[in-house]
Protein chains: 2
Amino acid sequence: MQQRIAEAAERLGYQPNPMARGLKGGPSGLVGMLVADIRNPFSVAVMHGVEQACRAQGLSLMVCNTDNDPVLERQHLALLTSYRIEGLIVNAAGRHSEPLAELASDGLPLVLLDRSLEGIAADEVGLDNNLAIDMALDHLTEQGYRRVLFVTELPTRASSRQTRVARFESECPERQLAGKVLSLDLDDTTCLDHELSAFLDTPDGHPAAILCGNGQVTLAVTRALQARRIPLGDTGLMGIDELDWCQLVTPGVTTLAQPTDAIGQAAVEQLRDRQAQPIAPAPRHLRFTPQLIPRGSTRREQSASTTDETSP
Amino acid sequence: MQQRIAEAAERLGYQPNPMARGLKGGPSGLVGMLVADIRNPFSVAVMHGVEQACRAQGLSLMVCNTDNDPVLERQHLALLTSYRIEGLIVNAAGRHSEPLAELASDGLPLVLLDRSLEGIAADEVGLDNNLAIDMALDHLTEQGYRRVLFVTELPTRASSRQTRVARFESECPERQLAGKVLSLDLDDTTCLDHELSAFLDTPDGHPAAILCGNGQVTLAVTRALQARRIPLGDTGLMGIDELDWCQLVTPGVTTLAQPTDAIGQAAVEQLRDRQAQPIAPAPRHLRFTPQLIPRGSTRREQSASTTDETSP
DNA sequence: TTGTAAGCGTTATCAA
DNA sequence: TTGATAACGCTTACAA
């Protein structure tokens with residue numbers, strides 16, 4: 001009997017209207033994602049992982065870019081909830097966002113990507129930031145650098161940046177490294193040149209390296225170094241986030257690659273898990289291990305300019 | 001009287017439910033966008049322009065990534081239409097897509113980004129491909145290259161690629177250039193090395209250059225050239241699409257930058273225009289002019305390795 | 001097993 | 001000017 005309607009539906013090309021369905025409160029099959037900056041390759045890479053996972057689960061993904069604008073974030077949040085999303089993956093929200101906290105307490109499955117949010121007890125998925133900093137400092141130490149400048153975007157905006165800065169500051173002394181932190185506003189990189197000079201021009205004989213907090217910073221710093229004709233390797237350069245061009249800029253830029261696909265997929269799984277749980281379990285935090293991709297930019301004794309061909 | 005309800009709505013934080021609204025058939029304020037490859041920086045850049053324009057118009061944008069998969073494309077199309085979008089911006093659809101044609105003939109405002117589609121008479125917004133090829137060939141000729149290899153992704157997939165190939169083939173003879181076309185499957189770049197060798201190893205004394213059809217190709221070719229230790233400039237390299245790293249790879253990669261923001265915004269405007277028209281006017285084609293950013297990779301007599309600092 | 005009815009939050013139409 | 005009512009397409013609960 002049901003066969004007959006199923007087959008008639010097939011024949012007529014019937015497709016249920018998700019609007020009507022959503023009205024009544026049924027499952028929407030929709031997952032929302034809030035991205036702080038769609039032009040950040042890391043975000044895009046994670047998003048790709050999220051998409052794949054959604055597809056595998058038969059879910060549809062609705063992506064919104066907030067461009068780091070709290071107002072936009074609020075609007076998009078309203079849009080997403082009005083479409084009855086079943087889960088939300090968030091890679092935005094600089095500060096404690098009230099609407100977001102409200103949603104979480106309303107029981108909407110929520111996964112925070114690459115950041116924690118004050119006052120919101122939600123699942124988190126992201127890099128193991130402490131480990132990443134440790135790995136970076138270990139590598140730089142091994143390569144013989146004794147002074148390190150950590151350049152990061154304004155850490156007030158994202159908790160992961162704060163974590164990295166904190167770890168950097170606590171771990172440098174442990175390794176007898178002279179550490180310094182530079183907070184950068186990417187819209188105004190004039191101070192970068194200045195600070196870079198100040199850091200590099202100290203002729204105390206200790207080899208110096210620069211550690212970049214994310215891909216955008218790596219780009220800005222590489223540009224600045226190149227403008228000042230500073231050869232890489234002699235002055236160390238290392239970045240968190242692997243980028244297309246890191247192997248192209250001679251002698252190659254050393255990076256800590258994030259497992260972006262895995263992170264995206266984990267976010268969706270987390271969402272499903274939570275949906276399946278009738279009583280909300282304690283928030284889970286998933287921290288992924290980065291992969292060190294050593295290249296020429298952290299090789300001090302340049303034995304001929306060997307092009308690095310490591311692939312990401 | 002209406003004031004009272006307006007103020008009550010404000011007080012209670014009332015927000016109309018777009019589901020219910022959509023059910024009845026009212027305006028949804030939603031625009032859909034289909035992107036073939038979210039990891040293509042060009043697509044992301046255009047998407048950013050689209051977003052800005054939507055915001056300015058008070059529209060919400062729903063983006064779907066098809067990953068060049070016709071099946072996914074169909075699914076996403078179904079999703080978007082079920083949400084009663086008021087307009088659709090498409091940067092996918094390799095071949096004549098039936099569902100798309102259907103939508104267009106149903107009167108849904110449709111803008112094709114960077115491609116035409118057989119059998120679909122819709123508005124188109126994109127680069128002036130003929131002009132772009134002409135500009136590239138002019139530049140390469142001026143710089144003294146006499147042989148050019150045009151590397152493109154499989155042109156069967158996108159009309160803009162076909163247009164570029166056709167123009168390349170017809171214009172090379174005009175300029176007494178020896179032109180050759182290489183169609184590349186980016187998932188399998190083994191043939192690239194091979195073909196590159198074949199092209200460059202012909203010692204007929206004529207300076208050779210490689211022209212890349214888009215950013216992804218530029219990346220693949222730059223990698224291949226670097227692997228073979230071929231210095232840029234001597235062998236010319238030029239790409240369509242400006243990328244972050246083009247100024248970083250010494251001596252800088254010459255590009256034709258697309259005005260991505262303008263293209264995205266034009267797409268949304270086109271949508272609105274069409275919506276406003278009661279009777280559908282003939283499809284409009286908007287073709288944008290690229291910007292030549294000359295760098296060291298097309299400079300033959302390298303007078304000292306001057307770092308190019310032109311910004312995009 | 002099959003059929004009917006109410007309700008989800010809007011908008012549009014029509015009467016009062 | 002205002003208020004009541006039907007309809008959008010679906011789900012769910014209950015009656016035949």
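Reminder, nothing fancy here: chain letters follow the sequence lines and each chain counts from 1.
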I need the [atom1]-[atom2] distance between [X] and [N], as an integer number of Å.
| X | N | atom1 | atom2 | answer |
| --- | --- | --- | --- | --- |
| A:Met19 | D:dC8 | CE | P | 16 Å |
| B:Tyr83 | D:dC10 | OH | P | 13 Å |
| B:Arg84 | D:dC10 | CZ | P | 10 Å |
| B:Ile5 | D:dG3 | CD1 | P | 10 Å |
| A:Arg21 | C:dC8 | CZ | C1' | 15 Å |
| A:Arg4 | C:dG3 | CZ | C1' | 13 Å |
| B:Lys24 | C:dA12 | NZ | P | 8 Å |
| A:Asn17 | C:dT10 | CG | P | 16 Å |

Practice item. Pick base, sugar-phosphate or nothing for A:Gln15, based on heavy-atom distances below 4.0 Å to the nucleic acid. Key: sugar-phosphate
Exercise for review: Just call it for B:Pro16: base, sugar-phosphate, or nothing, with non-hydrogen atoms closer than 4.0 Å on any strand.
Suggested key: sugar-phosphate
Exercise for review: Report the residue from A:Gln270, A:Gln52, A:Glu51, A:His48 that forms a side-chain contact (heavy atoms from CB on, under 4.5 Å) with A:Gln265.
Suggested key: A:Gln52
Review point. Given B:Arg164, which of B:Thr152, B:Asn130, B:Asn129, B:Asn214 fulfils the side chain to side chain donor-acceptor pair (under 3.5 Å) condition?
Key: B:Asn129
Review point. Is there a side-chain contact between B:Leu100 and B:Leu88 (heavy atoms, below 4.5 Å)?
Key: yes
Practice item. Report the residue (A:Pro27 or B:Gly25) whose heavy-atom-nearest nucleotide on DNA chain D is the more 5′ of the two. Key: B:Gly25
Exercise for review: Report, as yes or no, whether the 6.0 Å neighbourhood of atom CZ on A:Arg74 holds more than 12 heavy atoms from other residues, nucleotides or ligands.
Suggested key: no
Review point. Side chain of A:Leu23: nearest nucleotide among C:dT10, D:dT11, D:dG9?
Key: D:dG9
